S.K.: 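Take a look at the following structure, please.
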Amino acid sequence: MRLLEEMSWPEIEAGLAATRTVILPVGATEEHGPHLPTITDTLEAVHVARAVAAARDVFLAPPIHYGVCRSTRGFPGTITVGHDSLRGYVRDILISLADSGLARVLVLTGHAGGQHMAALEEACQMAVEERDFDVSLVSLFDLIDFSAVDTAHDGHAGEVETSLMMAIRPELVRGRPAGHFPKRPRFMVMKDVRHLMGNGIMGNPEPASVEKGERFFEMAVQGVLNALDELESANLAVRQVYKS
């Protein structure tokens with residue numbers, strides 16, 4: 001497995017002859033109810049990325065541990081950054097990866113808040129306009145087939161995330177609390193929503209299981225492999241157009 005953080009620069013340079021694709025995992029440090037650790041989003045992205053890197057010859061970049069956390073920012077342990085900070089930071093990392101010789105970057109995020117995703121999308125767009133390389137942005141939860149999820153409208157720290165953590169890091173799961181679906185105003189812009197969040201769960205952890213977690217994990221791995229196929233074939237198609 002080509003882990004950038006464990007490789008020397010000559011090893012990375014030599015590896016570029018075999019692959020110029022890298023996966024960049026992005027997570028967050030935020031509360032995940034009373035039963036999951038604050039590093040949940042990062043762990044899920046990293047474990048999926050490592051499984052993909054074991055199956056496909058790609059580089060794996062060190063993860064980004066912080067993201068934009070709006071709804072959970074009132075809880076102890078949530079460490080959030082601003083939209084502009086994340087956008088600029090990720091843009092800089094993408095540019096640096098391109099300058100290191102990587103031609104394709106797949107950004108895999110385990111955190112999917114609206115402002116977080118907007119910042120990542122803008123960072124990716126800025127980077128591809130500044131350098132000649134290809135970037136894909138993949139949210140882990142877009143890869144899960146929710147027809148296999150028992151909980152309707154499952155979300156943060158609910159059935160899916162609890163199941164995934166039971167499969168990849170069971171020692172960090174502290175039970176399966178009752179489901180909680182906080183109601184938020186549809187139109188109001190609010191300064192703080194902690195009082196609406198209850199225990200920080202937005203879903204139902206009770207139906208979670210190791211078996212479901214393994215199934216969700218395989219869905220995510222296959223989804224990333226499919227996204228890599230798209231990323232690498234798109235790059236090849238562009239090169240063929242330029243050559244013709």
Side-chain angles (χ1 to χ4, degrees), residues 1 3 5 22-56 58 60-69 71-72 75 77-81 86 90 105-114 116-117 119-120 136-146 148-151 154-177 200-205 207-228:
M1 190 181 301
L3 301 177
E5 63 206 64
V22 62
I23 300 175
L24 172 63
V26 179
T29 301
E30 66 168 346
E31 71 82 18
H32 272 74
H35 64 301
L36 297 179
T38 58
I39 199 175
T40 291
D41 289 340
T42 307
L43 287 178
E44 290 169 349
V46 167
H47 277 260
V48 170
R50 287 182 70 96
V52 171
R56 182 75 65 90
V58 297
L60 180 56
I64 296 173
H65 287 272
Y66 302 103
V68 182
C69 303
S71 298
T72 62
F75 288 84
T78 294
I79 303 173
T80 185
V81 298
L86 182 64
V90 173
V105 184
L106 187 145
V107 180
L108 176 63
T109 179
H111 178 58
H116 178 86
M117 291 302 300
L120 292 180
S136 292
L137 173 58
V138 180
S139 167
L140 188 67
F141 297 97
D142 286 340
L143 307 177
I144 304 297
D145 179 1
F146 274 79
V149 181
D150 292 331
T151 304
D154 189 58
H156 181 75
E159 179 183 345
V160 173
E161 288 201 293
T162 303
S163 295
L164 282 169
M165 288 299 291
M166 290 174 71
I168 64 177
R169 291 294 301 272
E171 76 279 10
L172 297 179
V173 181
R174 301 159 179 86
R176 288 173 293 175
I201 295 172
M202 290 176 267
N204 185 15
S209 70
V210 174
E211 293 73 24
K212 288 179 181 178
E214 291 172 346
R215 194 154 66 245
F216 298 152
F217 186 82
E218 289 305 315
M219 289 178 188
V221 170
Q222 187 56 55
V224 174
L225 288 170
N226 293 341
L228 282 174

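What you see is a predicted model; the values in this text were computed from it and never measured. Residues: numbered from 1 along the sequence shown. Just so it is clear, the values below take in all heavy atoms, side chains as well, and ignore hydrogens, waters and symmetry mates.
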S.K.: Quick check: do Leu106 and Val22 have side-chain heavy atoms less than 4.5 Å from each other?
M.R.: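 Not touching, per the 4.5 Å side-chain cut-off.
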S.K.: Which atom pair, heavy atoms only, marks the closest approach of Val48 to Val224?
M.R.: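 Taking every non-hydrogen atom into account, CG1-CG2, 3.9 Å.
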S.K.: Which pair of non-hydrogen atoms, one from Leu24 and one from Ala61, has the smallest distance, and what is that distance?
M.R.: CD1-CB, 4.0 Å
S.K.: Do Leu36 and Arg174 come close enough that some side-chain heavy atom pair is under 4.5 Å?
M.R.: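 Leu36 vs Arg174: side chains apart.
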S.K.: What I'd like to find out is whether the side chain of Leu225 reaches to under 4.5 Å of the side chain of Val52, using heavy atoms alone.
M.R.: yes
S.K.: According to side chain to side chain contact (heavy atoms under 4.5 Å, CB included), who are the partners of Tyr66, at least two apart in sequence or on a separate chain?
M.R.: Thr29, Ile79, Val81
S.K.: Quick one: are Ile201 and Pro177 in side-chain contact, heavy atoms under 4.5 Å?
M.R.: yes
S.K.: Among Thr80, Thr72, Thr78, Thr40, which residue satisfies the side-chain hydrogen bond (donor to acceptor under 3.5 Å, both in side chains) criterion with Glu30?
M.R.: Thr72
S.K.: Please enumerate all residues that pass side chain to side chain donor-acceptor pair (under 3.5 Å) together with Glu5, with sequence neighbours excluded.
M.R.: none
S.K.: Using salt bridge (charged side-chain N to carboxylate O under 4.0 Å, His left out) as the criterion, list what pairs up with Arg56, not counting sequence neighbours.
M.R.: Asp229, Glu232
S.K.: Considering only residues two or more places apart or on different chains, which pairs with a residue in residues 41-51 satisfy salt bridge (Lys or Arg N to Asp or Glu O under 4.0 Å)?
M.R.: none
S.K.: Can you name the nearest heavy-atom pair linking Ala28 to Cys69, along with the distance?
M.R.: CB-SG, 3.9 Å
S.K.: Provide the closest heavy-atom pair for Phe141 versus Phe146 in the form atom of the first, atom of the second, distance.
M.R.: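 It is O-CE1, 3.5 Å.
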S.K.: Measure the shortest side-chain to side-chain distance between Arg176 and Met166 over non-hydrogen atoms and say whether it is less than 4.5 angstrom.
M.R.: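 Yes - at least one pair of side-chain heavy atoms lies under 4.5 Å apart.
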S.K.: Can you measure from NE2 (His65) to NE2 (His111) and round to the nearest 0.5 angstrom?
M.R.: 15.0 Å
S.K.: For residues 212-223, please give each side-chain donor-acceptor pair under 3.5 Å, one per line with the distance, not counting sequence neighbours.
M.R.:
unit_1: Lys212; atom_1: NZ; unit_2: Asp150; atom_2: OD2; d: 2.5
unit_1: Lys212; atom_1: NZ; unit_2: Glu159; atom_2: OE2; d: 3.0
unit_1: Lys212; atom_1: NZ; unit_2: Pro207; atom_2: O; d: 2.8
unit_1: Gln222; atom_1: NE2; unit_2: Asn226; atom_2: OD1; d: 3.0

S.K.: Looking at Val160, is its backbone amide N or carbonyl O close enough to the side chain of Asp154 to form a donor-acceptor pair, meaning the two atoms are under 3.5 Å apart?
M.R.: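 Yes, Asp154 side chain to Val160 backbone: donor-acceptor pair under 3.5 Å.
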S.K.: For Asp142, which residues count as a side chain to side chain contact (heavy atoms under 4.5 Å, CB included) partner, sequence neighbours excluded?
M.R.: Ser139
S.K.: Will you find, in the side chains of His32 and Thr38, an N or O donor that is under 3.5 Å from an N or O acceptor?
M.R.: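 No, Thr38 and His32 have no side-chain donor paired with an acceptor closer than 3.5 Å.
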S.K.: What's the spacing between Ile39 CD1 and Leu172 CG if we round to 0.5 Å?
M.R.: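 Answer for the CD1-CG pair, Ile39 versus Leu172, is 8.5 Å.
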S.K.: Within the side chain of His156, is there an N or O that forms a donor-acceptor pair under 3.5 Å with the backbone of Glu31?
M.R.: yes
S.K.: With side chain to side chain contact (heavy atoms under 4.5 Å, CB included) as the test, pick out the partner of Pro63 among Val26, Leu108, Thr42.
M.R.: Thr42
S.K.: If you take all heavy atoms of Ala49 and Pro25, which pair is closest and at what distance?
M.R.: CB-CG, 4.0 Å
S.K.: Kindly compute the distance separating OG (Ser71) from CE (Met202), expressed to the nearest 0.5 Å.
M.R.: 5.0 Å
S.K.: Apply side chain to side chain contact (heavy atoms under 4.5 Å, CB included) to Thr109 and Leu140, showing your working.
M.R.: CA-CA 6 Å; Thr109 179; Leu140 188 67; over 6 Å; no
